[in-house]
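In listed order, ligands and their atoms are each counted from 1.
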Amino acid sequence: MATERTLSIIKPDGLEKGIIGKIITRFEENGLKPVAMRMQHLSQREAEGFYVVHKARPFFKDLVTFMTSGPVVLMVLEGENAIAKNREVMGATNPANAAPGTIRKDFATDVEKNTVHGSDSPENAKTEIAYFFRDTEITPYASKR
Ligand code: IDP
Ligand code: MG
């Protein structure tokens with residue numbers, strides 16, 4: 001296994017629900033260490049650019065409206081197998097299908113307001129991290145995990 005980095009976003013519903021801390025705890029307890037973090041209210045352009053791969057999907061417009069409805073927390077998570085591990089800790093896109101104990105099962109509202117984003121491949125992780133963070137904003141530190 002290799003140490004990887006992945007992009008994580010706590011979506012506006014996570015902030016509305018007041019569960020930033022609970023979500024970050026799940027990551028830390030699963031060996032996913034935040035090495036960059038920023039709160040930001042995405043502009044329409046930023047959200048559209050981030051989700052450009054979904055531009056043709058019927059839910060695209062609503063997704064952009066949701067993602068710009070309030071601030072988000074942007075994070076780079078680092079750890080062994082971080083990309084797949086984060087997807088596992090997040091759970092399935094639709095909380096109705098998410099495994100017990102996952103973030104989406106425990107906190108998400110529905111298939112759109114599903115509390116967290118996580119990169120789905122090494123290629124996308126690289127692109128998504130670079131979309132929001134400069135290299136100099138990523139700050140490794142010592143940790144037991
Ligand atoms: P993922 O976030 O689990 O990778 P994607 O298929 O990449 O899921 O979709 C991106 C985001 O678009 C989802 O997290 C969710 O917020 C939204 N979304 C996906 N499918 C639907 C849908 O069928 N209806 C409404 N929103 C959706
Ligand atoms: Mg995705």
Inset, instruction - Could you pull out every protein residue that has a heavy atom closer than 4.0 Å to ligand 1, ordered by chain and then number? - result: Lys11, Tyr51, His54, Phe59, Leu63, Arg87, Thr93, Arg104, Val111, Glu112, Asn114
Legend entry - Under-4.0 Å salt bridge between Lys85 and Glu88: yes
Legend entry - Arg26 to Ile103 - nearest heavy-atom pair and separation: NH1-N, 3.9 Å
Inset, instruction - Report yes or no: is the cationic atom of Lys11 (NZ for Lys, CZ for Arg) under 6.0 Å from the centre of the six-membered ring of Phe66, at an angle within 45° of the ring normal? - result: no
Inset, instruction - Please report the shortest heavy-atom distance between Ala125 and Ile83, naming the atom on each side. - result: CB-CD1, 3.9 Å
Legend entry - Arg104 side chain near Thr93 side chain, heavy-atom distance below 4.5 Å: yes
Inset, instruction - Evaluate the ring planes of His117 and Tyr51, with Trp represented by its six-membered ring, and classify them as parallel (under 30°), tilted (30 to 60°) or perpendicular (over 60°). - result: perpendicular
